[in-house]
Amino acid sequence: MTAAAIPASSPATTGEQPGVRLARSRRNAELSLLLVAMVLVAAYGAMVEAKVLDTVTADFWMPAAALTAVFLGLHLVIRFLAPFADPALLPAVALLNGIGVGFLRRLDLGSAAPAEREDLAIFAGTGGRQLAWTLASVVLAAGLLALMRDHRSVSRYAYTLGLAGIVLVMIPAVLPSRFSEINGAKLWVRVGGFSIQPGEFAKLALLVFFAYYLVRKREVLSLASRRFLGIDFPRGRDLGPVVVVWLISVLVLVFEKDLGTSLLYFGMFVVTLYIATERVSWLLIGLVLFFGGVYLAYVLGEVVGGPFANFYLRAQIWLDPFADPYNDGYQLVQGLLALGTGGLFGAGPGGGQPGLLPEVQNDFIFAGIGEEIGLFGLSALLVVYLLIVERGLRAALAVRDSFGKLLAGGLAFTLGLQVFVIVGGISKLIPLTGQTTPFLSAGGSSLMANWLLIAVLLRISDGARRPVTGAGGKAARPSGGPPEQLHGAPTEVIRP
Amino acid sequence: MNAPLRRVGIVVMVLFGLLFANLNWIQAYKADEYRTSDYNGRVQVAEYERRRGNIEAGGTAFALSKETDGELKFQRAYPGGARYAHVLGYKPVNLAETGIEKFENDFLAGTSDQLIANRVKDMFTGDQSGGGNVLLTVSKGAQNTAFEQLRNNRVDAAKGAAIAVDPRTGAVQALVSMPSFDPNPLVSHNTNEATAAYNKLEQDPAGPLKNRALGEVLPPGSTFKIVVAAAALENGVGQQTRIPAGPSWTPPTSGTPIRNAAPSICPEDEVTLINAVTESCNTGFAQMGVRLGADKIKEKARQFGFEQEDLSVGHLNEGGHPVAASRTGSMQNADGGADPAALAQSSIGQRDVRMTPLQGAMIAASVANGGSQMRPYLVRQLLAPDRTTSYYTAKPKELRQPVSGQVANDLRDMMVSVVENGSGTNAQLRGYTVGGKTGTAQSAPDRPDHGWFIGFALDKNGTPVSAVCVVLEQAGPGGSAEAARIAGQIMRAAIADPGGR
């Protein structure tokens, strides 16, 4: 169903005339959608103030206006640098980002002293910091669009990025705890009052490496294989480097106790491998390994403890959070109660009690928002996420080079998987593992990395929807054509 | 590579479908269960969204709510501190509420059915008028005096209680339990601090949380002689009837002799009943009790309120501080036969006889009120949040009639004689007729005696204005005289500042 719908509705693949390029670029649609999203964000801010302050201050619109200004800037950058980019991506992400800033500001309003509430500066508190990070992230995303005029150019740095990815993942593990540990997880680099999570950026770097390597090796991975137990296994030397990179990352993350991210990398790896080889057997092997590993870790956690005890505890909490509602299960229980209290319609923006939720600005932001906008509001947010992911996948489908397909597909799936892991975690669908909710959670690293991800998707979708013929398309391309390293890329492997 | 990409697209849709289904499960199907869960602090937060009403005594709020900056909008405060702790109770965030705060919770919180009209009005005006106000009968003057006098008693008793009631209505004028506690830390919004404060009080061996005026039963000692005297008066004995006495008397079946507190008390073979009461003659009452028999004494005690298990002090219709039952205990052999030794001991308020301070006050009050015992109460009026409408005004009720008017008159004369000529002279008040009975009760062989006093005050017209009971636990020698002195002070304060009725 989806498979049929995606190419049919994609304008890039229809045989329209090159002369109507501007109309097809859909930039005006992007602008209109963006303005609608920003009106929603401003309205959300007003509703929050009406509920929390009992009045709407004269400058309620300022955060929304700041966001609108910077998103409009990005829109203009896209207009000139990526005119055929998917028009739905920016407005969708802008909406999520705007709601995130609005909700974090709502937390600040709720916790500020009554006297200071009404004149909370727009860059004050967590919400203000998030707003500042948004501005920086969007500028960086625009910079990436300007720098990377063709997504294939990043493949030149694939090995560098792969190495950088490993280094980024390992930095916090190597650093002394006082520089890297927050709440028991060693994920940060802390310098002064400033902290970044290098792992968030590693995700992007590693994916570029995976995509590049797998595309280069996909013929041998697919064909030069040995059959074992009815499954075709590639030769070790072909798969070696990528497995090594992946294994190192996952092991490091496991010992940093960042289970969510290791799960994310695992899924990211398995899916890119599957897309590259088109072999379902990789999915099956991945799933068997995953569930086998999870079960083993659970059993080991129960019997041996040690590094697996944390995992066992999380599984126990997941199975019955109400068994210890005040200690181990506290977070999950409070998250469920917040969601349940929200019910169908929610308490209204500003009407909930997010102060009762631990980590509401981070892991549990979806539960905090859910209490106030209810099932209907959360469903809308999930649809927006789904839209971004499916638009990313559509870009992957439409783009003509394998590297672009794999990179866009991997990025889009990883984003979707991250939403699934965290939202599934706080709603007791799967065991809870700490993850940021993309574009909503407080945190500059996550926000910036995800905006860079969006910039790459925008760039690839621009490549995908750009007409093959027509002077405009060619002229906008950087000279030099496809990079050398992608020698195998334009040739699709013909499989029996 | 398009086929696997499409499949990945489908996988993502399935994953999101699972999220969506699960959110439906939580936010639609399980919503009510989670919303009302005991672990859901929002229930509590909602409770603190509305201003809780005051509990007032004599026009002053002793339990009130102040607006805060925190998540919980209102903070309960008890400006009376330890002084009113046992009267009001307290309403903590995470612990169990007690006292009036508990019994009138619905009205104070504004959730009572009686306040529905107010809530509907709020819905239209958008105001939050808060909960209703509870007005107590307590007299500020009497309560202060009782608290201060008890705390600074001259026999260094660490534990005790005092309660004063209006004999005509049963309205409680003062209620103090010693040691007391400050309820303010218990209602802290920092639940850890509150729990720590509670645990400290809970583990205190002196038992400050205990409401000794209503919940503690102790041997009443000679104050119980009023009950025995009432039984005697109804069985052919008069005030001037001479009853057997003597320096020592040994009940027929037991070798343990009963003696008087001092050799100067009724050493003669016979004394009049009024003298036996005035001097608190143990040998006289022991012999009279044996002559009357256990049944008559137990029945008379029951008519005064002993053995009642369901009495409560608060609202006259429902709820209120539960009152422990006072007991006469067994006065018989193990085989059910008469046991004169047990009966003799019981007749002077020892052995298994146990009484609450409230019961003592109610005996004195019924004597002062012509034999009619009024049901004690604390809640005088329930006022709407806007203070204009009254939802309840106490209508005093007679609880029982333990003695006839004639017997009550005789008892009154005898009790007045105790204060004028006997062991209770400390309770005298200028311009008022004061009657009473002291009691010194052995608690345990190795511990000092409890000092008791029950009594009443009548104005010039003979109208009873206050009845009181004071007990000083393990006060030792002079305890009952000190209790009498404190009782007089409390009654003096209650007369000067009668409080609400």
Side-chain angles (χ1 to χ4, degrees), chain A residues 1-3 6-7 110-111 113-115 218 271 274-280 322 325-326 333-334 336-344 352-353 355-356 370-371 374-375 378-379 382-383 385-386 389-390 393-394 396-397 402 405-406 408-409 412-413 416-417 419-420 423-424 427-429 492, chain B residues 1-49 66-75 93-94 125-128 189-192 195:
Chain A
M1 187 183 77
T2 338
I6 287 172
S111 57
R218 61 190 296 251
V271 164
Y274 166 65
I275 298 172
T277 59
E278 306 194 20
R279 296 217 167 185
V280 180
F322 287 90
Y326 289 117
V333 163
Q334 292 302 319
L336 290 174
L337 299 182
L339 286 172
T341 308
L344 294 183
Q353 299 292 342
L356 298 174
E371 186 191 346
L375 177 63
L378 284 192
S379 302
L382 280 183
V383 167
Y385 276 118
L386 187 61
V389 175
E390 297 290 351
L393 288 172
R394 176 196 278 193
L397 280 170
S402 301
K405 280 184 186 298
L406 203 45
F413 176 76
L417 187 60
V419 173
F420 178 75
V423 176
S427 59
K428 198 179 163 300
L429 183 61
E492 290 284 328
Chain B
M1 287 163 78
N2 282 0
L5 278 172
R6 290 201 180 100
R7 285 191 204 111
V8 168
I10 293 167
V11 166
V12 171
M13 292 190 89
V14 169
L15 291 181
F16 275 65
L18 288 173
L19 288 181
F20 180 69
N22 191 44
L23 284 177
N24 268 280
W25 170 257
I26 292 170
Q27 298 198 280
Y29 183 77
K30 301 267 270 185
D32 277 335
E33 184 188 326
Y34 286 147
R35 195 174 290 130
T36 56
S37 163
D38 289 344
Y39 308 119
N40 197 338
R42 286 162 196 81
V43 180
Q44 223 158 42
V45 171
E47 198 178 358
Y48 283 83
E49 281 288 294
K66 291 177 179 161
E67 201 157 354
T68 70
D69 299 344
E71 189 80 50
L72 303 182
K73 270 196 186 157
F74 290 99
Q75 161 96 51
V93 175
N94 62 329
T125 59
D127 297 337
Q128 280 278 13
H189 285 181
N190 180 333
T191 53
N192 291 335
T195 308

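Residue numbers begin at 1 in each chain, while the letters A, B, ... track the order of the sequences.
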Taking the side chain as everything from C-beta on, heavy atoms only, tell me whether [X] gets closer than 4.5 Å to [Y].
X: B/V12; Y: A/F413; answer: yes
X: A/V383; Y: B/F16; answer: no
X: B/L23; Y: A/L382; answer: yes

Value rounded to 0.5 Å, distance of [atom1] in [X] from [atom2] in [Y]:
X: B/I26; Y: A/L378; atom1: CD1; atom2: CG; result: 10.0 Å
X: B/L18; Y: A/L429; atom1: CG; atom2: CG; result: 5.5 Å
X: B/F20; Y: A/L375; atom1: CZ; atom2: CG; result: 6.0 Å
X: B/M13; Y: A/L393; atom1: CE; atom2: CG; result: 10.5 Å

Worked check of side-chain contact (heavy atoms from CB on, under 4.5 Å) between A/R394 and B/L5: CA-CA 9 Å; A/R394 176 196 278 193; B/L5 278 172; over 6 Å; no
Closest approach of [X] to [Y] (non-hydrogen atoms, all atoms of both residues):
X: A/L417; Y: B/L15; answer: CD1-CD1, 4.2 Å
X: A/E278; Y: B/P4; answer: CG-CG, 3.7 Å
X: B/R42; Y: A/E371; answer: NE-OE2, 2.8 Å

Among the options [options], pick out the one with the most heavy-atom pairs lying under 4.5 Å from chain B.
options: A/V423, A/L336, A/L344, A/V389; answer: A/L336
options: A/L406, A/V271, A/V333; answer: A/L406
options: A/A396, A/G343, A/G110; answer: A/G343
options: A/A338, A/S111, A/G352; answer: A/A338

Residue part contacting chain B, namely of A/Y326, when any heavy atom lies under 4.5 Å: side chain
Sequence neighbours excluded, every pair satisfying side-chain hydrogen bond (donor to acceptor under 3.5 Å, both in side chains) that has a member inside residues 7-27 of chain B: A/Y274-B/R7, A/S427-B/N22
Parallel, tilted or perpendicular, as decided by the 30° and 60° cut-offs, for the rings of A/F322 and B/Y34: parallel
Residues forming a ring-ring contact (aromatic ring centres under 6.0 Å, His included) with B/F74, sequence neighbours excluded: none
